[in-house]
2 protein chains.
Amino acid sequence: MDTMRSPRRRPTHPGAILREDVLPALKMTQAAFADRLGVSRLSVSELLHEKRALSPGMALRLAKLLDTTPESWLSMQAAVDLWDEHVELTE
Amino acid sequence: MDTMRSPRRRPTHPGAILREDVLPALKMTQAAFADRLGVSRLSVSELLHEKRALSPGMALRLAKLLDTTPESWLSMQAAVDLWDEHVELTE
DNA sequence: CCTTTTGTAATGCGTCACATTACAGAGTCA
DNA sequence: TGACTCTGTAATGTGACGCATTACAAAAGG
C-alpha cells in the first residue's frame, strides 16, 4: 500500500493549503481571517507564505473556525518538521 | 468506532512510554541511552519525566535507534500539545 | 561503604511564535 | 488620478522552549 512513506520531497506546508484553497474559498480577506482567528494579520500573512510553522494554537483556532480537526493541521506541519529536521540531521 | 476522539484527560506523554516501556525493555541506563541517541543525559532525563516535549529531532533519533517511525512519537506529542493548548485557550 | 545512576538546579544560547508599529507596493474604484 | 483597501515585509520586544554544560545531592545496589 505504501501509505505514509517518507516523501522524496518536502511535504506540503499547511500554509499552502490555507493560501491556495481555504482563503480563496472563504473569499475572506487576510485581515478579516486573522480577526476571526483572533490573531494578528502578520501571523496569518507569514503562515500563508510558509514563513512560520503552524502551531498547536493555530491548529485549534483553524479547527474551530473551519470545522476541521486540529490534528489534520498539526500532522501536516509535523510532516514538514520531520522533513526539515531530517535534512538538518543528515547534512 | 470513536477512534481518535478528543480525550477527556491529558493524553499519554511520549516520555511515559520511554520511561515505563522502552528503557526497561532495553535494560539500558539513561546515560547510555542518551549516548546512543546523541543527546545529553539531561535531555533524556527531563523527557522521561515529562518536563519537556518530544521534539522532531528526538523523534528522528528515537526512530533510528528503536526502529520505529518518528511519526508515532511526534503524534503522541502532538496530542499532548493540543490538549495543553486547548486548556490554555479555554481557561 | 563505595560506586553508579539519577533528579534537579543554574546558566547560557539559539530559535521561534506572536504582538505591535510602520511603510511601501498593488489593486480597485469613483 | 487621487483616495482607500489589501498585502508583503522589516523592525523590535517578549516569553517559551529545546539543548548543552556543570555541579551537587540523593537514591540504588553491588
Side-chain angles (χ1 to χ4, degrees), chain A residues 13-16 18-65 70 73-74 76-89 91, chain B residues 13-16 18-65 70 73-74 76-89 91:
Chain A
H13 191 291
L18 294 172
R19 168 173 28 92
E20 294 169 8
D21 297 344
V22 177
L23 265 222
L26 289 179
K27 284 194 281 258
M28 202 183 301
T29 205
Q30 280 188 26
F33 192 57
D35 267 351
R36 298 288 303 274
L37 290 174
V39 298
S40 72
R41 180 180 69 86
L42 198 152
S43 285
V44 167
S45 177
E46 293 197 343
L47 179 57
L48 293 192
H49 288 80
E50 310 180 18
K51 301 273 179 58
R52 64 170 70 177
L54 194 150
S55 67
M58 276 296 300
L60 285 173
R61 294 169 188 276
L62 288 171
K64 186 166 300 183
L65 184 60
W73 295 106
L74 261 200
M76 288 196 60
Q77 183 59 57
V80 175
D81 290 343
L82 281 179
W83 174 272
D84 291 345
E85 264 295 321
H86 183 263
V87 169
E88 180 167 312
L89 245 45
E91 70 186 359
Chain B
H13 191 289
L18 294 172
R19 168 174 26 95
E20 295 169 8
D21 297 345
V22 177
L23 266 221
L26 289 179
K27 283 195 280 260
M28 202 183 301
T29 207
Q30 281 189 24
F33 192 55
D35 267 352
R36 298 289 302 274
L37 289 174
V39 298
S40 72
R41 180 182 69 85
L42 197 152
S43 285
V44 167
S45 177
E46 294 198 342
L47 179 56
L48 293 191
H49 288 81
E50 311 180 19
K51 300 273 179 59
R52 64 170 70 176
L54 193 149
S55 67
M58 275 297 300
L60 285 173
R61 294 169 188 275
L62 287 171
K64 184 166 300 184
L65 184 59
W73 295 108
L74 261 200
M76 287 196 61
Q77 183 59 55
V80 175
D81 289 343
L82 281 178
W83 173 273
D84 291 344
E85 264 294 321
H86 182 263
V87 169
E88 180 168 311
L89 247 43
E91 71 186 359

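The structure presented is a predicted model; accordingly, all values stated were derived computationally and were not measured. Proteins come first, then strands; the chains are lettered A, B, ... in the order of their sequence lines, and each starts at number 1.
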Undergrad: Give a yes or no on whether the backbone of Ser45(A) and the side-chain of His49(A) come within a donor-acceptor separation of less than 3.5 Å.
TA: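 Yes, His49(A) side chain to Ser45(A) backbone: donor-acceptor pair under 3.5 Å.
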
Undergrad: Rounding to an integer number of Å, can you tell me how far Leu37(A) CG sits from dA17(C) P?
TA: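 Interatomic distance, CG of Leu37(A) to P of dA17(C): 16 Å.
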
Undergrad: Which part of the nucleic acid, if any, lies within reach of Ser43(A) when heavy atoms closer than 4.0 Å are counted: base, sugar-phosphate only, or nothing?
TA: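 Sugar-phosphate contact only - Ser43(A) comes under 4.0 Å of backbone atoms but never of a base.
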
Undergrad: What salt bridge (charged side-chain N to carboxylate O under 4.0 Å, His left out) pairs are there with at least one residue in residues 20-32 of chain B, not counting sequence neighbours?
TA: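 Matches after skipping sequence neighbours: none remain.
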
Undergrad: What integer distance in Å separates Glu88(A):CD from dG14(C):P?
TA: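 So the CD-P distance, Glu88(A) to dG14(C), works out to 14 Å.
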
Undergrad: Indicate every side-chain donor-acceptor pair of residues 55-65 of chain A with a distance under 3.5 Å to a residue at least two apart or in another chain.
TA:
{"from": "Ser55(A)", "atom 1": "OG", "to": "Met58(A)", "atom 2": "N", "distance (Å)": "3.2"}
{"from": "Arg61(A)", "atom 1": "NH1", "to": "Leu37(A)", "atom 2": "O", "distance (Å)": "2.8"}
{"from": "Arg61(A)", "atom 1": "NH1", "to": "Gly38(A)", "atom 2": "O", "distance (Å)": "3.4"}

Undergrad: Roughly, in whole Å, what's the span from CG in Asp35(A) to P in dT20(C)?
TA: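 It is 11 Å, rounded to the nearest whole Å.
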
Undergrad: Within the sub-3.5 Å range, which N or O atoms of nucleotides 1-3 of chain C have a protein N or O partner, and how far apart are they?
TA:
none

Undergrad: Nearest heavy-atom pair of Pro14(B) and Gln77(B): which atoms, and what distance?
TA: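 That would be CG-OE1, 3.4 Å.
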
Undergrad: Which pairs pass salt bridge (charged side-chain N to carboxylate O under 4.0 Å, His left out) with one or both residues in residues 42-58 of chain A, sequence neighbours excluded?
TA: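 Only Arg19(A)-Glu50(A), Glu46(A)-Arg52(A) qualify under salt bridge (charged side-chain N to carboxylate O under 4.0 Å, His left out).
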
Undergrad: Under 4.0 Å from any atom of DNA chain D, heavy atoms only: list the residues of residues 49-61 of chain A that qualify, in numerical order.
TA: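 The answer is His49(A), Lys51(A).
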
Undergrad: Of all the heavy-atom pairs spanning Ala32(A) and Met28(A), show the shortest one and how long it is.
TA: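 In this case the closest contact between Ala32(A) and Met28(A) is CB-CG, 3.7 Å.
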
Undergrad: Partners of Glu88(A) by side-chain contact (heavy atoms from CB on, under 4.5 Å), sequence neighbours excluded?
TA: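 Scan of Glu88(A) (side-chain contact (heavy atoms from CB on, under 4.5 Å), adjacent residues dropped) gives Glu85(A), Glu91(A).
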
Undergrad: Please report, rounded to the nearest Å, how far the C1' atom of dA17(C) is from the CG atom of Leu47(A).
TA: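 Rounding to the nearest Å, CG of Leu47(A) and C1' of dA17(C) are 11 Å apart.
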
Undergrad: Going 5' to 3' along DNA chain D, between which two nucleotides do contacts with chain A fall, using a heavy-atom cut-off of 4.0 Å?
TA: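 Nucleotide range with atoms under 4.0 Å of chain A: dC6(D) to dA11(D).
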
Undergrad: In degrees, rounded to 10°, what is the bend between the two ends of the helix from dC1(C)-dG30(D) to dA30(C)-dT1(D), using five pairs at each?
TA: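 Comparing the first five pairs with the last five, the axes sit 30° apart.
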
Undergrad: Quickly work out the Arg41(B) CZ to dT5(C) P distance and round it to whole Å.
TA: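 About 10 Å, once rounded to whole Å.
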
Undergrad: When you compare the side chain of Leu23(A) with that of Leu18(A), does any pair of heavy atoms fall below 4.5 Å?
TA: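 When only atoms from C-beta onward are counted, Leu23(A) and Leu18(A) do not touch, as no gap falls below 4.5 Å.
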
Undergrad: What residue pairs, at least two apart or across chains, pass side chain to side chain donor-acceptor pair (under 3.5 Å) with a residue in residues 29-42 of chain A?
TA: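 The answer is Ser40(A)-Ser43(A).
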
Undergrad: Can you tell if the side chain of Leu82(B) reaches within under 4.5 Å of the side chain of Trp73(A), non-hydrogen atoms only?
TA: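 No, every pair of side-chain atoms sits at 4.5 Å or beyond.
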
Undergrad: What residues in residues 20-32 of chain B put a non-hydrogen atom under 4.0 Å from any atom of DNA chain C?
TA: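 Residues of residues 20-32 of chain B that come under 4.0 Å of DNA chain C are, in numerical order, Thr29(B), Gln30(B), Ala31(B).
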
Undergrad: Return a single string for nucleotides 25-30 of chain C, one symbol per nucleotide in 5' to 3' order, where B is base contact, S is sugar-phosphate-only contact and - is none, cutoff 4.0 angstrom on heavy atoms.
TA: ------

